[in-house]
Amino acid sequence: MFHLNKLNDFQYEIPLAGNMKVPGILYINEKILSQFSDDGPLKQVMNVATLPGIVKASMAMPDIHLGYGFPIGGVAAFDYDDGVVSPGGVGYDINCGVSLIATDLDYDEYRWSVNRILDELYKTVPAGIDNKSSFRINCEDENEILSSGLEWAFRHGYATDEDIIHTEEGGHMISNISAVSEKAMKRGKNELGTLGAGNHFLEIDRIDRIFDRKTAEKFGSGRENKLAIMIHTGSRGLGHQVATDYLTRLNEYDGSVKIPEDRQLISAHISSKPGEDYINAMNAAANFGFVNRQIITYKIREAFEKIIGMDFESIGINTVYSLAHNMAKVETYSIDGIKRKLLVHRKGATRAQPAGSTTGYFQETGHPVIIPGHMGGPSYVLVGLKGNEETTFSSSCHGAGRILSRKVATERFTVDGVKDDMRSRGIYLRATTGKAVVEESPGSYKNIDDVIAVIQGAGIASPVVSLMPVAVMKG
DNA sequence: ATGTAC
């Protein structure tokens, strides 16, 4: 491992070296530092620091691990006029993100319903790779989804006006669908309302602890022991195709930015035609991702209605928040006292705007920051802390972060062993494959409490509520 | 993450 400067208990600096234009800043503690099995992710932080127009620092959140080009858990902002956009800085799963949905149902009273609801969702939400949706949309619908996001879902009765208020950007990014290939459109056609595979999941939780009651109430998650639902998925094959298309296009484009350190970091100037087209296509894929989570939310409402026998309004099934953790977004921050328009890449990182830095419903508190843990343990909802605009462009981590590679996890754990473990924790598990069970085993992930301690200690965000899983569905 | 590959 190369030299790191310890700045404080929660921040380590990778000093300037080689072609780095800014230092690397790692938001980690000593324990997380000691858990790195190799320096691959840190090299990726250094490589990102060499890209044109990067400002302040190439950053990594405590859930950092190896990704395509950029590390997962990476945050990097580029000057909008002089900087670049990099598909690897968003990742293959554009607008991969989380929705948290609250209910008024008390866990003790409705314990009987949990497994039945999950079984119903297992039938209605296709999971795993290449699992087609029964949810049909025509070309006109798909065009509208990619250009208007949740506005389409609202017009067609799949979203409430409250859902839109409780979604990042109102579930609508400005896009241009002409930048999206026919192939991507074709893949998206029968993928709406599907979960996907890997670390994607749908789980029923109970609200466990409340750390900040006033904020929790504002979020609609202020009561202990109520059932809640978490969805983790993104833009599926459509977004994956957009990423593939633009990586190919940038490789064929003379004006693209290629750095000797890593060809996966291929980028385009934001103002270039391919750069502009990628942003338009990424935003279109993001709209698809928002609608995908919304259609699953709709199916969750249907499942609860069927099993509980009441309409979803009476059950109080409301979106707490739906957020993206794989996105590049145009935002303005003050750098050395000067306000600058930036393109903030967050790859496996969550926006965490504190009180006063956002408008609308969450203006007084800041918006919810949803951090899922592994399938056997707690997840957290945080809220951004004032001052994080100055440190991380108001960004937080996105999960516990893997500690073992999928390969190592497969060697170390057995399907039956993990199933027994989940049973002993009192959690009902349904997965499409044994592979998903072992790869997503609790032992494959960092302790989320270490990750949250860093986020809080570094002044990025603080806990509002925690949730414990009671039934989990894995793709 | 992903019609798990070109």
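Each chain gets a letter, A, B and so on, in the order its sequence line appears, and its residues count up from 1.
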Next on the checklist: Tell me whether A/K341 forms a cation-pi arrangement with A/Y80, defined as NZ or CZ under 6.0 Å from the six-membered ring centre and within 45 degrees of its axis.
Outcome noted: yes
Nearest-angstrom distance from the residue atom [atom1] of [X] to [atom2] of [N]:
| X | N | atom1 | atom2 | value |
| --- | --- | --- | --- | --- |
| A/D130 | B/dT2 | CG | C1' | 10 Å |
| A/K186 | B/dT2 | NZ | P | 19 Å |
| A/Y68 | B/dT4 | OH | P | 17 Å |
| A/F288 | B/dT2 | CZ | C1' | 14 Å |
| A/Y92 | B/dT2 | OH | P | 13 Å |
| A/L247 | B/dC6 | CG | C1' | 16 Å |
| A/N251 | B/dC6 | CG | P | 13 Å |
| A/Y246 | B/dT2 | OH | P | 21 Å |

Item to check | Residues that A/H65 engages under ring pair (Phe, Tyr, Trp, His ring centres under 6.0 Å), provided they are two or more places apart | outcome: none
Next on the checklist: For A/F362 together with A/F219, are the ring centres under 6.0 Å from each other?
Outcome noted: yes
Checklist entry - Quick check: does any side chain N or O of A/S396 sit under 3.5 Å from a backbone N or O of A/A352, one acting as donor and the other as acceptor? => result no
Using a 4.0 Å heavy-atom cut-off across all strands, classify [X] as base, sugar-phosphate, or nothing.
| X | value |
| --- | --- |
| A/G196 | sugar-phosphate |
| A/A243 | nothing |
| A/G198 | sugar-phosphate |

